[in-house]
Amino acid sequence: MLVVKKFGGTSVADKDRIYNVARRCIEEYKKGNQVVVVLSAMGKQTDVLISMAKEITPNPPKREMDMLFTTGEQTSVALAAMAITELGVPAVSLNAFQVPMNTTAVYGNARLKRIDTERIRYELSNNKIVLVTGFQGINQYNDYTTLGRGGSDTTAVALAAALHADECEIYTDVDGVFTADPRIVKNARKMDEITYDEMLELASFGAGVLHNRSVEMAKKYGVQLVVRSSLNENEGTIVKEDVKMEKMLVSGVACDKNVTQIAVLGLKDKPGVAFKLFQHLANHNVNVDMILQSVGRDGTKDISFTVTEDMTDTAIDTIKRHEGKSLEYQELNVTRDVAKVSIVGAGMMSNPGVAAKMFEAIYDANINIMQISTSEIRVTVLIDEKYSERALISVHDAFGLAG
Ligand code: ADP
Ligand code: ASP
Ligand code: MG
């Protein structure tokens, strides 16, 4: 059997944790399995690297950031390979160049395109445990790229798909996927299983336990995932296509604070206005979400939308640059301290009243809703960030999700 195991930052935070990872990998190896291990940077090392860069300049070039980031994962795999070797099992560490793992060109947010498996297979055939750097790739200019924060999960799933692995285990610092972030909602319940679609919505709307692209890729290639703790033997959560029908209308709730609301007020109410606004933003790689357009009145209308915090300044600059030219508006309102709170569940598709129940829970917590968006299996509200935890707990309770 070929097994891919991914360990996150907390799981490799220090010498003891690295030896813990080494032992878990050796245990798998001793069962006669081939073991490929993907590691994140140690502890909060990626944040440390960001701080180091910010000391040099407030706007580090994205290419150089990726060059810097890759040192984090490289440190982990080298140290873990040493630990495994020290425990008497042959091991080798590989970075994105050595595999190689090819991505698109975009620094800081690249997508994996192709993974060569020849080198990994060669090392496995020599009975080695193979450790691969998570989060990084190389682009067509032979530069390092990274896959976005939390991207090591995606490296692991991509490797599992490319190697046709029999298992892909994501080891982290909690026991699995919970009905809400267990650090915020203390009575959140661990799920035994969850569908790719529900997990994708949760991950895309703030449940940082899995990188959303990793779930997208797992669904696309049919890679079944197990999310579990590196610190105990508990069973974890299986992420797969179909799960046994649960009575629950809602599987989980999530909160995303990495959001800014931008409202463009007093736009001319004529054809092409939304097109031009969002075309300009797209040209500057600004992803928008939760778009809301008001009913036109007295020849004008308002459009508001959300962007991630790091894209806020680009979005504002882009809109201002076109003011009075291709975009005519009266006012630009930017609200940075907002958060999205979402409920996700396949059960809501066939059950009316789920959204109303969520709004009631938000009302019971005495919180005002600024904007609403939905998908088939998700309802999201935008609220003042300072109430986000209260909202999360209230909604979690209202749907009876507590364990
Ligand atoms: P790793 O370094 O292992 O990748 P992350 O910090 O990226 O770990 O992800 C694990 C964290 O995700 C947990 O510590 C938890 O606080 C958070 N989290 C958010 N939502 C959920 C959820 N629904 N279930 C479990 N963990 C969650
Ligand atoms: N080290 C990277 C991060 O902190 C990637 C990861 O951990 O998945 O975002
Ligand atoms: Mg992570």
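Being a predicted model, the structure only gives us computed values, none of them experimental.
- Relative orientation of the His322 and His280 rings is parallel, given thresholds of 30° and 60° on the angle between their planes.
- With hydrogens and angles ignored, the 3.5 Å screen pairs a side-chain donor or acceptor of Thr237 with a backbone N or O of Met191.
- With Asn258 contributing its side chain and Glu309 its backbone, the two residues share a donor-acceptor pair below 3.5 Å.
- With salt bridges taken as basic N to acidic carboxylate O contacts below 4.0 Å, one links Lys219 and Glu241.
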How far apart are the C-alpha atoms of Ile367 and Asp384, what are their side-chain angles, what is the distance that settles it, and do they pass the side-chain contact (heavy atoms from CB on, under 4.5 Å) test? CA-CA 8 Å; Ile367 298 166; Asp384 189 328; 5.8 Å; no
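- Between Asp116 and the options Arg119, Lys113, Arg114, a salt bridge (charged side-chain N to carboxylate O under 4.0 Å, His left out) holds for only Arg114.
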Between Phe178 and Lys190, is the side-chain contact (heavy atoms from CB on, under 4.5 Å) condition met? List the steps. CA-CA 4 Å; Phe178 284 68; Lys190 197 208 82 189; 3.9 Å; yes
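- Within the model, atoms CG of Asp269 and OG of Ser294 stand 8.0 Å from one another, a figure rounded to the nearest 0.5 Å.
- Looking only at side-chain heavy atoms (C-beta outward), Met358 and Val341 come within less than 4.5 Å of each other.
- Counting non-hydrogen atoms of other residues, nucleotides and ligands closer than 6.0 Å to NZ of Lys268 gives a total of 12 or fewer.
- Tested against Tyr144, the residues Phe69, Phe135, Phe97, Tyr107 include a single ring-ring contact (aromatic ring centres under 6.0 Å, His included) partner, Phe97.
- Shown here for Cys255 and Ala339, the closest heavy-atom pair between the two residues is SG-CB, 4.5 Å.
- For Thr318 (side chain) and Leu281 (main-chain N/O), no donor-acceptor pair under 3.5 Å exists by modelled atom type.
- Around atom CE of Met52, no more than 12 heavy atoms belonging to other residues, nucleotides or ligands sit under 6.0 Å away.
- Contact check on Lys257 versus Glu389 returns a salt bridge, with a Lys/Arg side-chain nitrogen under 4.0 Å from an Asp/Glu carboxylate oxygen.
- More than 12 non-hydrogen atoms from other residues, nucleotides or ligands lie less than 6.0 angstrom from CE of Met370.
- Scanning all heavy atoms of the two residues, the minimum distance from Gly8 to Ser40 falls at CA-OG, 3.6 Å.
- Atom CD1 of Ile319 and atom CZ of Arg321 lie 11.0 Å apart (nearest 0.5 Å).
- At least one side-chain heavy atom of Thr306 sits less than 4.5 Å from a side-chain heavy atom of Lys340.
- In plain terms, the two heavy atoms of Thr380 and Ser342 that are nearest each other are OG1-OG, 2.9 Å.
- Inter-residue side-chain proximity for Thr195 and Ile377 is flagged as unmet; no heavy-atom pair is nearer than 4.5 Å.
- The cationic atom of Lys357 (NZ for Lys, CZ for Arg) lies less than 6.0 Å from the six-membered ring centre of Phe399 and within 45° of the ring axis.
- Within 6.0 Å of CD on Glu64 lie more than 12 heavy atoms contributed by other residues, nucleotides or ligands.
- Of the charged side-chain nitrogens involved, at least one lies within less than 4.0 Å of a carboxylate oxygen, so that Arg183 and Asp173 count as a salt-bridged pair.
- Contact check for Glu28 versus Ile129: no side-chain heavy atoms found under the 4.5 Å cut-off.
- Using a distance-only test at 3.5 Å, with no hydrogens or angles considered, no donor-acceptor pair links the side chain of Asp337 to the main chain of Glu385.
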Would Arg213 and Asn109 satisfy side chain to side chain donor-acceptor pair (under 3.5 Å), going step by step from the backbone distance to the final call? CA-CA 11 Å; Arg213 294 241 187 91; Asn109 196 22; 3.2 Å; yes
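- Remark: Arg378 is positioned above the aromatic ring of Phe205, its terminal NZ or CZ atom under 6.0 angstrom from the ring centre and at most 45 degrees off the axis.
- With Thr145 contributing its side chain and Val106 its backbone, the two residues share no donor-acceptor pair below 3.5 Å.
- Side chains of Ser375 and Glu201: a donor on one and an acceptor on the other come within 3.5 Å.
- Checking side-chain atoms of Asn20 against main-chain N and O of Ser230 turns up a donor-acceptor pair under 3.5 Å.
- One finds no salt bridge joining Glu27 and Lys31 here, because no Lys/Arg side-chain nitrogen approaches an Asp/Glu carboxylate oxygen to under 4.0 Å.
- Between Leu124 and Val36, some side-chain heavy-atom pair lies under the 4.5 Å cut-off.
- Side-chain atoms of Thr146 and Asp66 include a donor-acceptor pair closer than 3.5 Å.
- Residues Val38 and Ala156 approach most closely at CG2-CA, 3.8 Å, considering heavy atoms.
- When side chains are defined from C-beta on, Pro60 counts as touching Lys54, because their heavy atoms get closer than 4.5 Å.
- Atom CG of Asn283 has more than 12 heavy atoms from other residues, nucleotides or ligands within 6.0 Å.
- The shortest side-chain heavy-atom distance between Val77 and Val132 does not fall under the 4.5 Å cut-off.
- Residues Arg17 and Phe7 fail the side-chain proximity criterion, which asks for heavy atoms closer than 4.5 Å.
- The heavy-atom pair separating Lys5 from Cys25 by the smallest distance is CD-SG, 4.3 Å.
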Could you give me the CA-CA distance, side-chain angles and deciding distance for Leu401 and Val185, then say whether side-chain contact (heavy atoms from CB on, under 4.5 Å) is met? CA-CA 10 Å; Leu401 295 176; Val185 181; over 6 Å; no
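- With respect to Arg149 and Asp47, a salt bridge is recorded, a charged nitrogen being found less than 4.0 Å from a carboxylate O.
- Distance alone, capped at 3.5 Å, is enough to place a donor-acceptor pair between the Asp153 side chain and the His211 backbone.
- One N or O on the side chain of Thr154 and one on the backbone of Ser214 form a donor-acceptor pair closer than 3.5 Å.
- Side-chain atoms of Asn126 never come within 3.5 Å of backbone atoms of Lys128 as a donor-acceptor pair (strictly under, hydrogens ignored).
- Under a 4.0 Å N-O distance rule, the pair Asp16/Arg23 does not qualify as a salt bridge.
- Proximity of a side-chain donor or acceptor of Thr133 to a complementary backbone N or O of Gln74 within less than 3.5 Å is not detected.
- Summarising the geometry, atom CE belonging to Met65 is positioned 13.0 Å from atom CZ belonging to Arg63; distances are rounded to the nearest 0.5 Å.
- Looking at every heavy atom in both residues, Leu231 comes nearest to Arg24 through N-NH1, 4.0 Å.
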How far apart are the C-alpha atoms of Gln136 and Thr70, what are their side-chain angles, what is the distance that settles it, and do they pass the side chain to side chain donor-acceptor pair (under 3.5 Å) test? CA-CA 6 Å; Gln136 60 179 251; Thr70 53; 4.7 Å; no
Determine whether Val344 and Glu198 satisfy the following criterion, side-chain contact (heavy atoms from CB on, under 4.5 Å), listing intermediate values before the conclusion. CA-CA 6 Å; Val344 170; Glu198 289 174 314; 3.9 Å; yes
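- Between the CZ atom of Arg121 and the CG atom of Leu163 there is a distance of 5.0 Å, given to the nearest 0.5 Å.
- Residue Gln140 qualifies as enclosed at atom CD: its count of foreign heavy atoms under 6.0 Å is above 12.
- Atoms CG and CG, from Leu131 and Leu79 in turn, are 10.5 Å apart once rounded to the nearest 0.5 Å.
- For OH of Tyr387, the number of neighbouring non-hydrogen atoms (other residues, nucleotides, ligands) closer than 6.0 Å is 12 at most.
- The CZ atom of Arg111 lies 5.5 Å from the CD atom of Glu216; values are rounded to the nearest 0.5 Å.
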